[in-house]
Amino acid sequence: MTGSNEALLEYHQRSKHRVNQYAPGPGGLDWANQPNAFREFRGATKFKLPLAADSLVTSYNDVRRGALLPPRKFDIDSVATLFELSLGLSAWKSYGANRWALRCNPSSGNLHPTEGYLLCPHLPGLSAGVYHYLSRDHLLEQRAAVADPQWVQAFSGGGILLGISSIYWREAWKYGMRAWRYCQHDCGHAIAAVSYAAAALGWQSRLMLSAADDIVADLLGLNRSADFASAEAEAPDTLLWVGDPDSRPDLARLLDASGNASWAGRANRLSQEHVQWPEIDTIHRATHKPAAPEQAVPEPRSLPLPAAPALDLSYAGIARQRRSAVDFDGTTRISAAALFAMLECLLPRRDAPPWNALPTPVRVHPALMVHRVEGLDAGLYVLLRDAAHLPGMKQSLRPEWLWQKTGPVHLPLYFLLPYDLRDVAKSICCHQNIGADSCFALGMLAHLDAALNEPWRYRHLFWECGMLGQALYLEAEAAGVRATGIGCFFDDEMHGLLGINGHSWQSLYHFTVGGAVDDTRLSTLPPYEFQP
Ligand SMILES: Cc1cc2nc3c(=O)[nH]c(=O)nc-3n(C[C@H](O)[C@H](O)[C@H](O)COP(=O)(O)O)c2cc1C
């Protein structure tokens, strides 16, 4: 076994929450050093973006079906809408003297480790260069102005690149060793949020997965140590191409062209003091990605369009009303048809978001604990997003399972066990009531073997989970219920329930969907009329 594989497996094991011991954390919250939720580059020229999302009338149902409108032209207005509906603020919340912002993309603990960047040629309203998105003020900070004509030529097929990076410290401050996992989930949520918003503007999106981390870091300016000085580092995650997938730019050419760019801005420091988590540094290094050719991805099988959701909402509306439920009522039931429609949106579709963005074979399958779905027995189910995994999955799970095909013919949903799993779901979700009070809870089974020998794929597994999560969040809103991502779960309790031995399949993320109970003590303020 290579050193990187060992490091990966060691981190994976050590960052598990266990019933008798949570993964190592800070043991309390150091409020004086709570990280600033907003990165800024002081000294960079700022371009205020228009708030234009309200004029976007694309329906959510068209977006999720991949029925894209003619692509909008790339200019400051359309790029502004892309950011507003993906990484932008969705509201401010207040309780007493405390105020905090929510965003279209969710984040574990609302700590938002994810930073967004734009790389573009000259566009109406924006000059060619590299920009950092500051969601608090809905503006772009120009990090680099690029004059080299090669830069513009590289984009000549039309399109832009959206860069994503993570500030691990933001999550580590609260969650310690397990925080790296949450940063990866959040990255997956952000990728999906961008992919959906792009689709609402008529654009396809595709991750540039062949890129080495070093190229991503160089293009985003993350390796410019003088600009970060005492500020927290940003780890390069990925670049997402927004535009025609056949016109993707050559990144080496872009890097060349950025050689003479003039850079501006110095990153703000987010906390005065930091706690070191060497295990996070180790897993970061072990999953460092070299350049690697993109994998050939089998064409997804053709599927009927997903059934329309209960509510006919605009994409802009649903992106901004998405919230995590803090509590479920324990009584709401959804219909089997509503559940099937949600699950249909988790199946890979080449031209529909968010799966059009992910050029990898399916590696994650949800295992559902169904509690309150009209017309469906309570119990354990698996949605096999790629039927090719059926024999392997059957072998890895408890031999007694029924594997009874359920639901529409094209939906690979299997019923494993009739049982009231409410208490089990609650205890697996670190005793959180939402596990039991939901309509259903699920764990995402990832094929960890796919990451061995190519350890950076461990990150991709979490991203796929985050993308599934974003799809579930939006689907829940459209069905008139609400979802919550669950990072706090007892890993091996879930494996024990399913009968998983070994580490070929591991549950990397959990989710709950149900009838939300709002916290009436909180007030809600609009995202951009109020400044703290
Ligand atoms: C990766 C991840 C893990 C999360 N884990 C939990 C959890 O264990 N329990 C919980 O109540 N909420 C959890 N959440 C929900 C976040 O707390 C929520 O996204 C955040 O407070 C922002 O609120 P919003 O989703 O309404 O924008 C999680 C969210 C994400 C993205």
Side-chain angles (χ1 to χ4, degrees), residues 37 51 53-54 56-65 81-93 100-112 114 116 135 138 182 185-201 306 309-328 332 334 338 341-343 345-346 352-354 357 434 438-440 442 465-487 509-519 522 524-528:
L51 290 162
D54 282 331
L56 189 70
V57 293
T58 319
S59 80
Y60 169 64
N61 191 28
D62 281 347
V63 170
R64 76 203 259 281
R65 292 187 313 157
T81 303
L82 178 69
F83 277 104
E84 188 181 346
L85 294 180
S86 55
L87 308 180
L89 302 191
S90 55
W92 283 92
K93 288 278 176 186
W100 62 97
L102 297 180
R103 308 190 198 185
C104 293
N105 57 318
S107 168
S108 187
N110 202 31
L111 295 164
H112 289 284
T114 311
S135 60
H138 191 48
Y182 299 159
H185 292 127
D186 282 12
C187 175
H189 278 285
I191 292 166
V194 174
S195 162
Y196 277 110
L201 289 151
L311 306 177
D312 182 17
L313 298 166
S314 71
Y315 179 71
I318 214 161
R320 285 180 297 196
Q321 78 167 53
R322 184 214 61 76
R323 296 280 182 282
S324 296
V326 284
D327 205 3
F328 289 130
T332 295
I334 55 167
M342 287 181 199
L343 298 183
C345 292
L346 305 186
I434 50 177
S438 51
C439 299
F440 65 94
L442 60 83
C465 291
M467 294 172 78
L468 284 164
Q470 191 68 11
L472 282 166
Y473 264 122
L474 301 182
E475 281 299 303
E477 297 289 335
V481 285
R482 189 144 271 179
T484 301
I486 303 287
Y509 192 21
H510 281 228
F511 236 79
T512 52
V513 173
V517 179
D518 288 336
D519 186 340
L522 307 188
T524 307
L525 300 150
Y528 290 110

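A pairwise comparison of heavy atoms in Asp186 and Ser107 identifies OD2-OG, 2.6 Å as the closest pair. Val513 and Ala476 get closest at one heavy-atom pair: CG1-CB, 4.0 Å. Residue Pro527 comes nearest to Leu89 through the heavy atom pair CB-O, 3.5 Å, listed as atom of the first residue, atom of the second, then distance. Pro354 and Ala192 make their closest contact through CB-CB, 3.7 Å (heavy atoms, listed as atom of the first residue, atom of the second, distance). Contact record, Leu87 with Arg103: O-CD, 4.1 Å, taken as the closest heavy-atom pair. Contact detail for Pro106 and Gln470: the closest heavy-atom pair is CD-OE1, 3.1 Å.
Using a 4.0 Å cut-off between charged side-chain N and carboxylate O, Glu84 and Arg320 make a salt bridge.
Checked by atom type and distance alone, the side chain of Trp92 never pairs as donor or acceptor with a backbone atom of Ala101 at under 3.5 Å. Between the side chain of Arg322 and the backbone N or O of Cys104 there is at least one donor-acceptor pair closer than 3.5 Å. Checking side-chain atoms of Ser195 against main-chain N and O of Ile191 turns up no donor-acceptor pair under 3.5 Å. The closest donor-acceptor contact from the side chain of Thr512 to the backbone of Thr484 lies under 3.5 Å. Using a distance-only test at 3.5 Å, with no hydrogens or angles considered, no donor-acceptor pair links the side chain of Glu477 to the main chain of Leu311.
One distance of note links OG of Ser314 with CG of Asp62; it measures 11.5 Å at 0.5 Å rounding. Atoms CZ and SG, on Arg482 and Cys439 in that order, are 13.5 Å from each other to the nearest 0.5 Å. Here the OH-OG distance, from Tyr473 to Ser324, works out to 2.5 Å after rounding to the nearest 0.5 Å.
Between Tyr196 and Tyr315, the angle of the ring planes stays under 30°, which puts this pair in the parallel group of the 30/60° scheme. Between Tyr509 and His189, the angle of the ring planes goes over 60°, which puts this pair in the perpendicular group of the 30/60° scheme.
Between Ser108 and His185 there is no side-chain heavy-atom pair separated by less than 4.5 Å. With contacts defined as side-chain heavy-atom distances shorter than 4.5 Å, the pair Ile486/Ile434 qualifies. Taking 4.5 Å as the limit, some side-chain heavy atom of Leu472 sits within range of a side-chain heavy atom of Leu442. Using a 4.5 Å cut-off on side-chain heavy atoms (C-beta onward), Asn61 and Pro309 make contact. For the pair Arg323/Asp518, no side-chain contact is recorded, criterion being any heavy-atom separation below 4.5 Å from C-beta on. Side-chain contact check for Leu474 versus Arg64: every heavy-atom pair is 4.5 Å or farther apart. For the pair Ile334 and Met342, the minimum side-chain heavy-atom distance is below 4.5 Å. In this structure, Ser135 and Phe83 have side chains that are not in contact, with every pair of non-hydrogen atoms separated by 4.5 Å or more.
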message: Before you tell me yes or no, could you show the steps for Asp327 and Asp519 under side-chain contact (heavy atoms from CB on, under 4.5 Å), namely the whole-Å CA-CA distance, both residues' side-chain angles and the distance that decides it to 0.1 Å?
response: CA-CA 8 Å; Asp327 205 3; Asp519 186 340; over 6 Å; no
